[in-house]
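Okay, here's the structure, questions in a sec.
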Amino acid sequence: MLTTSPAEAAAFIKNGGVAAFPTETVYGLGADVFDEKAVAKIFEAKRRPADNPLIAHISSLDQVEKLASSVNENARKFIEYFFPGPLTVVLPKTENVPLIATAGLDTIGVRMPKSALAAEFLKACNTPVVAPSANLSGKPSPTTWQAVHEDLDGRIDCILQGEITEIGLESTVVDCSGDVPVLLRTGAISLEQLQAVVPETVFYVKNADAPRSPGMKHKHYTPKARVVFYDGDQVAENAAFIGISKPRAEFQLGRVFDSVEEYARSLFEFFRECDRRGIDTIYCQRVSEFGIGAALMDRLRRAAE
Ligand code: TXA
Ligand code: MG
């Protein structure tokens, strides 16, 4: 069902169901973290590989204790500075957290969304809610309830309808389970911002050891159309353009934004729009990798791979 009532959506979570809800990053597909059967429904509905762990969403700081067996000094600082907000902190998990939620890992990602509607929904759930992005696995994350509906209608119990999400890219993920914090996924909170709080924070380097963020090895954020970086000259039939300065050529479909923030916010919905219109090639302008620009370039590279 579709609803605008957070209490109505929360009732599904309390009864062992799955409900999609908006956050400031993207829409998530939620279930009670402590209900293994409900968590299994998330993987089934999304066709998500079982080796990709979920993020637990909380509405108050005291819920951290239910999820994490310990919180070191670095994690404590990140929580103090960035919760509520678009940051996921990976911590050692308690025994109560079922392994299906963490894909067998002994750590769990914890995040407190800032969006008022998300906060209201999570409070009404009265339990931490695990939620991956509410798209079919492999598709771009949904930034509108209509995109959730497009992917998951008939496969989930409920969609809590909100506005288009504010940020449009998934949260920053920082692993705080070791001595040195490791940035696993870029997002609206940049490496520089994390380092301003804990200077030792490092960027995860691929192949240094086993993948720390299992989800990052799966293909992500891909529309059906081919995604290519715009070099300033390309022209093609049935092609689209997205960027922050007007391209020289005419495109079938084009979006030019005033800021990198607007570009980031609109990217995933633009990918979906291109697919709905049967566009063959999407030309994407590069941006400088500063602030959210780093996360935007990360998602563009993954889509262009
Ligand atoms: O903004 C977001 O984070 C959204 C909203 C709904 O909160 N959620 C989201 O979830 O993007 P998902 O499942 O699409 O991405 C979670 C990412 C994956 O790359 C996963 O591998 C990583 O976080 N992750 C989750 N738990 C982890 C853990 N214990 N250790 C390492 N990486 C983890
Ligand atoms: Mg996802």
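Whatever order the structure lists ligands and atoms in, that order sets their numbers, starting from 1. Residue numbers count from 1 along this sequence.
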Hey, are R265 and E262 close enough for a salt bridge, meaning a charged N less than 4.0 Å from a carboxylate O?
->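 Salt bridge between R265 and E262, a charged N being under 4.0 Å from a carboxylate O: yes.
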With heavy atoms and a 4.0 Å threshold, my read on which part of M112 contacts ligand 1 is neither
Any idea which atoms of ligand 1 are less than 4.0 Å away from a heavy-atom of N52?
->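 Selected atoms, number and element: 18 (C), 20 (C), 21 (O).
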Beyond-backbone contact of V90 with I108, side-chain heavy atoms, under 4.5 angstrom = no
Does the side chain of S133 come under 3.5 Å of the side chain of E170 through a donor N or O and an acceptor N or O?
->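 Side-chain D/A pair, S133 to E170: absent.
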Is there a donor in the side chain of R272 and an acceptor in the side chain of T143, or the other way round, less than 3.5 Å apart?
->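 Their side chains do not contain a donor-acceptor pair, so the 3.5 Å distance test is not met.
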Numbering the atoms of ligand 1 from 1, which are under 4.0 Å from a heavy atom of T107?
->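 With T107 as reference, the close atoms of ligand 1 come out as 28 (C), 29 (N), 30 (N).
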Measure from NZ or CZ of R286 to the centre of the six-membered ring of F229 and say whether it is under 6.0 Å with the direction within 45° of the ring axis.
-> yes
Below 4.0 angstrom from a heavy atom of L105, which ligand 1 atoms are there? Numbered from 1 as shown, please.
->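 Once the distances to L105 are compared, the set is 28 (C), 29 (N), 30 (N).
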Can you tell which part of D175 has a heavy atom less than 4.0 Å from ligand 1: side chain, backbone, both or neither?
->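 Neither; no heavy atom under 4.0 Å.
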Can you find an N/O atom of E170 closer than 3.5 Å to an N/O atom of ligand 1?
->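 Not met; the criterion fails.
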Heavy-atom contacts with L184 under 4.0 Å: which atoms of ligand 1 show up? List them by number with element.
-> 31 (C), 32 (N)
In terms of atom number and element, which parts of ligand 1 are under 4.0 angstrom from non-hydrogen atoms of P132?
-> 10 (O), 12 (P), 13 (O)
Counting from 1, what ligand 1 atoms have a heavy atom of G28 closer than 4.0 Å?
->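 Contacts of ligand 1 toward G28, numbered from 1: 6 (C).
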Just do the salt bridge (Lys or Arg N to Asp or Glu O under 4.0 Å) check on E44 and R155 with the steps written out, would you?
-> CA-CA 9 Å; E44 200 183 304; R155 305 179 65 85; over 6 Å; no
For the residue pair I58 and V110, establish whether any side-chain heavy-atom pair is separated by less than 4.5 Å.
-> yes
Is any side-chain heavy atom of F268 closer than 4.5 Å to a side-chain heavy atom of N135?
->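 No, side chains not in contact.
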Over 12 non-hydrogen atoms of neighbours within 6.0 angstrom of CZ in F257 =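 More than 12 within 6.0 Å, yes.
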Polar proximity ligand 1 side, Y27 side, N/O cut 3.5 Å exclusive =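 No, no N or O pair falls under 3.5 Å.
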Check: K46 and P132 side chains under 4.5 Å, non-hydrogen atoms =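 In contact.
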For T102 and ligand 1, answer yes if some heavy atom of the residue is under 4.0 Å from a ligand atom, otherwise no.
-> no
Whether S141 has an N, O or S atom under 2.8 Å from the Mg ion (ligand 2) | no
Within a radius of less than 6.0 Å around NZ of K37, do more than 12 heavy atoms belonging to other residues, nucleotides or ligands occur?
-> no
Ligand 1 versus L54: contacting region, heavy-atom distance under 4.0 Å = backbone
Numbering as shown, the atoms of ligand 1 that approach H57 to under 4.0 Å (heavy-atom distance) =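 Matching atoms, with element in brackets: 5 (C), 6 (C), 7 (O).
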Using a heavy-atom cut-off of under 4.0 Å, does the side chain or the backbone of V90 touch ligand 1, or both, or neither?
->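 Under 4.0 Å from ligand 1, V90 contributes side-chain atoms alone.
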Consider every N or O of R48 and every N or O of ligand 1, then say whether any pair is closer than 3.5 Å.
-> yes
Going by the atom numbers of ligand 1, which of them fall below 4.0 Å from some non-hydrogen atom of S133?
-> 8 (N), 9 (C), 10 (O), 12 (P), 14 (O)
Should S171 be counted as touching ligand 1, given the test is an N or O pair under 3.5 Å?
->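 Yes - when backbone and side-chain N and O of S171 are compared with those of ligand 1, one distance drops under 3.5 Å.
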